[in-house]
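All residue numbers refer to positions in the sequence shown, counting from 1. The analysis underlying the following values was restricted to heavy atoms, covering all of them including side chains, and did not include hydrogens, waters or symmetry mates.
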Amino acid sequence: MRTLNRLLIALLAAFAGQLSAAPLAYVPNEKSATVSVIDTASGARRADIVVGQRPRGSAGDAGHLYLTDAKTGSLLIVDTRSGQLERTVRVGDSPEGISISADGKHLAVAVEDDNSVVLLSAPEGRELARIKVQGRNPEHAVFSPDGRWLYVSAEEAEQVDVVDVEKRQQVASIAVGKRPRGIGFLPDGSRAYIACEIAGKVYAVDVARRLVLAEITAGQSPNGVAVHPDGQRVYISNGRDGTVMAIDTASNTVVASVEVGKRPWNMALTPDGSKLYVANGRSNSVSVIDTASFKKLADIEVGELPWGVSIR
């Protein structure tokens, strides 16, 4: 029955993807071990793909969805056209965040228990390097837009570690606040924004000089970061407040805030930047925000304990 159910859900997800010309939002749900598929045009939840045992981080390209599975210590590679699990790759105990380089050639997975970042080829998932970092329990490993650097945040750290992708090693650290979480780069790669949960601040970093340019006071427990495609706004989720705020990158000041669900976590924008999708971990929902008006448009029910969102 489970095999049949998995097949039916996969076919439904594939059919929904074919019907919709708009991008699809993929929401990994840790507790229910599913990925909810949302049509960003209609806001409809089209399907739930049963995959892994505890899916967390997600990233995607034109044909694949890449997920970390905390329970099995694996990278899961899902064919988004069929909705089926294509490949499982062991990466180490308790993997969390995953990102894909802008050219689509590399994946980076933060592996908490190994204090490392695993660099893999895409879409094959072939391990290229295992890079040790100084921060303990790394959570996110995010590529700079040019693919030259990986910025790595960790739960037990007061710095962001900088990895040289070509050299396959950590080459620097940048001091920020306690417990750095989400990381986002401006489209031109000139600055990075890091949300630090315990510090309650967002740090704007000059990438070339590796210096903090501004410390921006956030809400309680800032964590998720998303950057608008035009580079004029950075969005931060505040987990304990249940809010998302917008930072103007010209002035590095907070210009708007909106209430969402309980424990908003990781987020993603549609490619045109018109909508922001926010995973609410304790509400089992995704909030949709109109970025022009900064008003919440909808709350969409998903699976249990959604970790984040990726949109393709």
Say whether, by atom type as modelled, one donor and one acceptor occur between the side chain of Thr34 and the main chain of Gly303 under 3.5 angstrom.
no
Distance in Å, Ser257 OG paired with Ile247 CD1, rounded so as to fall on 0.5 Å steps
11.0 Å
Are any of the side-chain heavy atoms of His106 and Leu120 separated by less than 4.5 Å?
no
Taking atom types as modelled, find out whether Gln134 and Ser173 have a side-chain donor-acceptor pair closer than 3.5 angstrom.
yes
Donor-acceptor pair, side chain of Arg168 and main chain of Val165, under 3.5 angstrom
yes
How about Trp265 and His140: are their ring centres within less than 6.0 Å of each other?
no
Taking NZ, NE, NH1 and NH2 as the nitrogens, is one of them in Glu156 or Lys178 under 4.0 Å from a carboxylate oxygen of the other?
no
Under 3.5 Å, side chain of Asp290 to main-chain N/O of Ser293, donor-acceptor pair present?
yes
For Asp146, is there an ion pair with Arg148 - N to carboxylate O distance below 4.0 angstrom?
no
Heavy-atom donor-acceptor pair, Thr68 side chain to Gly57 backbone, under 3.5 Å
yes
Any side-chain heavy atom of Leu75 sitting closer than 4.5 Å to one from Leu107?
yes
With a 4.5 Å cut-off on side-chain heavy atoms, are Val260 and Ile289 touching?
yes
To the nearest 0.5 Å, what is the distance between CZ (Arg191) and CG (Leu211)?
13.5 Å
Taking Gly63's backbone N and O only, do any of them form a donor-acceptor pair with Thr80's side chain (distance below 3.5 Å, no angle check)?
yes
Hey, does Met245 have a side-chain heavy atom less than 4.5 Å from the side chain of Val202?
yes
Non-hydrogen side-chain atoms of Trp307 and Asn29 separated by less than 4.5 Å
no
Is a side-chain N or O of Ser121 found less than 3.5 angstrom from the main chain of Arg126, in a donor-acceptor match?
yes
So, Ser32 and Glu304: side-chain donor and acceptor under 3.5 Å apart, yes or no?
no
Measure across Pro222 and Cys196 and return the closest heavy-atom pair with its distance rounded to 0.1 Å.
CG-O, 3.4 Å
Does the side-chain contact (heavy atoms from CB on, under 4.5 Å) test come out yes or no for Asn280 and Lys262, once each step is laid out?
CA-CA 6 Å; Asn280 301 310; Lys262 295 178 182 178; 5.8 Å; no
Can you find a heavy atom in the side chain of Glu197 that is under 4.5 Å from one in the side chain of Glu155?
no
For Asp69 and Ser74, which I'm curious about, is there any donor-acceptor pair between the side chains at under 3.5 Å?
no
Cationic N near anionic O, under 4.0 Å, Asp114 to Lys132
yes
Only one of Trp149, Tyr151, Tyr193, Phe143 passes ring pair (Phe, Tyr, Trp, His ring centres under 6.0 Å) with Phe185, and that residue is Tyr151
Backbone of Asn238 reached by a side-chain donor or acceptor of Thr243 within 3.5 Å:
no
Would you say the side-chain atoms of Asn115 pair up with the backbone N or O of Asn137, donor to acceptor, closer than 3.5 Å?
yes
Under 3.5 Å: donor-acceptor pair, side chain of Arg56, backbone of Pro95:
yes
Hey, what do you get for CD (Glu124) to CG (Leu128), rounding to the nearest 0.5 Å?
9.0 Å
Classify the side-chain pair Asp161/Gln159 by whether it contains a donor and acceptor separated by less than 3.5 Å.
yes
Got a donor-acceptor contact below 3.5 angstrom from the Asp241 side chain to the Gln220 backbone?
yes
Can you see whether Ser237 engages Asn223 through a side-chain donor-acceptor pair at a distance of less than 3.5 angstrom?
yes
Does this structure show an ion pair linking Arg312 with Asp61, if we count only N-O contacts that are shorter than 4.0 Å?
no
A side-chain contact here means heavy atoms from C-beta on lying under 4.5 Å apart; do Ile174 and Tyr203 qualify?
no
